[in-house]
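Notes for the one structure printed next.
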Amino acid sequence: MKNELALTLLICLSQIAFGQNYLFDNWQVKDGLPQNTVSEIIQTRDGYIWIGTEGGLSRFDGVRFTNFDV
């Protein structure tokens, strides 16, 4: 919850500071993540978004999550 609030606040402040509009989604367990607490996010050159959670590692292809147990 704190991570989500911090990310939302950061995006809102950047919109004000730079006058740009951004669209963002909030992904959760109901969307396919193994757990809602995210500790790491990285996008690889091939376009996948890798998300590290307390419940495992997920790869997001823009449509669906593929989960890998830790």
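Residues take their numbers from the sequence shown, with the count starting at 1. None of the values given here were measured: they were computed from a predicted structure.
Ser39 places a side-chain N or O within 3.5 Å of a backbone atom of Gly52 that can act as its donor or acceptor partner. Under a 3.5 Å cut-off, the side chain of Asn67 and the backbone N or O of Gly56 do not form any donor-acceptor pair. Not one N or O on the side chain of Gln28 forms a donor-acceptor pair closer than 3.5 Å with the backbone of Lys30.
Annotation: the span from Thr53 atom OG1 to Phe65 atom CZ amounts to 10.0 Å, rounded to 0.5 Å. A distance of 10.5 Å separates CD of Gln43 from CD1 of Ile51, quoted to the nearest 0.5 Å. The CZ atom of Phe68 lies 4.5 Å from the CZ atom of Arg59; values are rounded to the nearest 0.5 Å.
For Arg64, the salt bridge (Lys or Arg N to Asp or Glu O under 4.0 Å) partners two or more places apart in sequence, or in a different chain, are Asp61. When the side chain to side chain donor-acceptor pair (under 3.5 Å) test is applied to Asp31, no partner is found at least two apart in sequence or on another chain.
A side chain to side chain contact (heavy atoms under 4.5 Å, CB included) with Ile49 holds for exactly one of Ile41, Ile42, Thr44; it is Ile41.
Aromatic ring centroids of Phe60 and Trp50 lie 6.0 Å or more apart.
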